[in-house]
Number of protein chains: 2
Amino acid sequence: MSLPHILLGMLREPASGYDLKARFEEDVRHFWSAELSQIYPTLRRMEKKGWLESDTEPSERGPDRVVYRLTQAGRGELTRWLAAGPEVGTERFAYLGQLFFMDELGDLAATRAFMVELRARLAAWLAELEAIEARIATAPGYPDDLPPERFHPHAALRMGLLTLAAKLAWCDETIERIDRRKARGASSGRKRRPATKEA
Amino acid sequence: MSLPHILLGMLREPASGYDLKARFEEDVRHFWSAELSQIYPTLRRMEKKGWLESDTEPSERGPDRVVYRLTQAGRGELTRWLAAGPEVGTERFAYLGQLFFMDELGDLAATRAFMVELRARLAAWLAELEAIEARIATAPGYPDDLPPERFHPHAALRMGLLTLAAKLAWCDETIERIDRRKARGASSGRKRRPATKEA
DNA sequence: ACGCGCATGTAAGAAGTTACATGATTTC
DNA sequence: GAAATCATGTAACTTCTTACATGCGCGT
């Protein structure tokens with residue numbers, strides 16, 4: 001039940017579905033994502049609930065825009081959500097599932113390659129977040145006197161930066177552990193696990 | 001497309017849906033979760049695809065157990081998934097969405113309370129993961145000579161430990177930033193944002 | 001007799017993804 | 001003339017959650 005509320009937050013300034021999708025690609029994508037095909041019907045449902053109202057306006061170029069804005073009920077629901085305490089959902093990391101079972105491959109070199117590729121992907125992601133922070137760092141009052149409407153998004157961004165740094169450190173730690181194991185295990189010669197186990 | 005693969009990994013040893021649910025509650029819950037009502041039909045679909053076979057056995061107490069085990073095709077699919085490279089999905093953090101828009105409440109004290117509660121929840125979570133690591137730490141060969149079937153799960157667990165520690169550090173950083181702002185802003189007296197804006 | 005743990009599920013709906021469809025205008 | 005951007009959506013499907021349903025055996 002979070003996408004509608006994130007849309008409510010974004011709609012403190014009126015916007016079309018297309019505009020909102022653009023915001024998901026920008027400042028919000030480190031903690032949520034949504035496709036247009038999900039956004040459009042969600043906005044309809046929210047309007048039906050009375051949280052939003054819409055107007056159709058001609059566009060400067062392209063087809064007409066359907067611009068949504070908050071109603072009183074919508075603003076009330078947003079406030080209720082914000083005041084309800086942190087919504088801690090289940091985290092899902094498919095790549096940890098892969099790593100968890102990877103002894104099945106019986107080859108530590110495969111695990112190492114996996115971790116190296118994962119590290120590269122996470123590092124690219126971190127670079128993007130750092131670019132966003134660099135932009136914020138040029139704002140007046142950074143870092144201690146940002147206005148509240150910039151302080152809150154910046155605080156959310158910091159979580160992304162700090163956890164990604166931690167994940168990179170974890171990748172490095174894991175790769176080093178593998179290398180130590182390989183250095184030690186090289187003499188004993190076991191690499192592929194045997195097809196049958198000796199009990 | 002990850003739950004079936006996680007089940008494949010777990011089913012290297014035969015198990016019933018009920019058994020598998022128990023494993024989600026234990027060693028796997030820091031990166032995935034699933035309800036029984038999702039597990040049962042998923043196992044059926046996997047059997048229909050030829051990845052699993054099942055036998056019905058009488059239980060020691062309670063109703064009959066349906067025990068699943070991997071077929072050759074299932075083991076092949078598991079290997080394929082493990083060798084396919086890291087599956088990096090979209091991360092979703094509803095609480096970051098709340099924080100992002102929280103200037104709407106116009107009250108930094110509310111944000112502070114939010115962060116304090118979030119910190120408590122994350123700390124409790126970290127304590128659980130630390131308990132799991134403490135158990136692993138008693139295994140022979142810890143930490144440098146764990147056998148491969150323990151090394152991989154332990155590596156996955158470490159990611160949870162390190163990122164949770166980073167999140168706690170982020171909570172602390174954010175709470176401190178709020179306190180510094182409040183100390184500085186107290187003299188200027190603005191707390192609730194005004195109902196109307198002066199342009 | 002009641003509740004708890006074992007063990008299986010169904011039903012209904014919300015949430016999310018992928019693919020497809022339409023048509024205008026602007027840029028190369 | 002082709003491709004990108006603007007702007008809207010539908011359809012089919014998978015995934016996940018919540019609530020409900022059933023029935024056995026064990027402990028108190």
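All figures in this text were calculated on a predicted structure; none of them were measured in a lab. Lettering follows sequence order; numbering is per chain, from 1.
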* **Heavy-atom check, side chain of M115(A) versus side chain of L99(A), under 4.5 Å** => yes
* Structure fact -> Separation of dG9(D) atom P from E47(A) atom CD, nearest Å, is 10 Å
* **d(CG, L3(A); P, dT17(D)) in whole Å** => 16 Å
* Could you tell me whether E26(B) and R135(B) have a side-chain N and a carboxylate O separated by less than 4.0 Å? => no
* Asked: How many Å lie between CG on D64(A) and C1' on dG9(D), as a whole number?
  -> 14 Å
* Tell me, with the steps shown, if L146(A) and R177(B) meet side chain to side chain contact (heavy atoms under 4.5 Å, CB included). => CA-CA 11 Å; L146(A) 288 171; R177(B) 282 177 75 194; 4.1 Å; yes
* Rounded to whole angstrom units, what separation is found between the NZ atom of K21(A) and the C1' atom of dT5(D)? -> 15 Å
* NZ or CZ of R181(A) within 45° of F151(B) ring axis and under 6.0 Å -> yes
* Which atom pair, heavy atoms only, marks the closest approach of L36(B) to P41(B)? -> O-CD, 4.3 Å
* Does the side chain to side chain contact (heavy atoms under 4.5 Å, CB included) test come out yes or no for L108(B) and H152(A), once each step is laid out? -> CA-CA 10 Å; L108(B) 261 187; H152(A) 288 87; 4.1 Å; yes
* Once the angle between the rings of Y142(A) and H154(A) is folded into 0 to 90°, is it parallel (under 30°), tilted (30 to 60°) or perpendicular (over 60°)? -> perpendicular
* **Neighbours of DNA chain D within residues 77-94 of chain B, by heavy-atom distance under 4.0 Å** => none
* **Integer-rounded Å distance: dT14(D) C1' and K49(B) NZ** => 10 Å
* Given atom CG of D19(A) and atom P of dT5(D), what is their separation to the nearest angstrom? -> 16 Å
* D179(A)/R112(A) salt bridge by N-O under 4.0 Å criterion -> yes
* With a 4.0 Å cut-off, would you call R23(A) and D27(A) a salt bridge? -> yes
* Asked: Which residues, if any, of residues 25-44 of chain B bring a heavy atom under 4.0 Å of DNA chain C?
  -> L36(B), S37(B), Y40(B), R44(B)
* Name the residue closer to the 5' end of DNA chain C, choosing between V67(B) and R45(A) according to the nucleotide with the nearest heavy atom. => V67(B)
* Whole angstrom value for the distance that separates C1' of dA15(C) from CZ of F24(A) -> 13 Å
* **Which nucleotide in dA7(D), dC16(D), dA7(C) has an atom nearest any side-chain atom of Y18(A)** => dA7(D)
* On DNA chain C, check which nucleotide each of P4(A) and P63(A) is closest to and give me the residue with the more 5' one. => P4(A)
* To do: Would you mind checking if R29(B) and E128(B) are paired as a salt bridge, meaning a charged N to carboxylate O distance below 4.0 Å?
  => yes
* Does a side-chain N-to-carboxylate-O contact under 4.0 Å join E47(B) and R44(B)? -> no
* Angle, rounded to 10°, between the helical axes spanning five pairs at each terminus of the helix from dA1(C)-dT28(D) to dC28(C)-dG1(D)? -> 20°
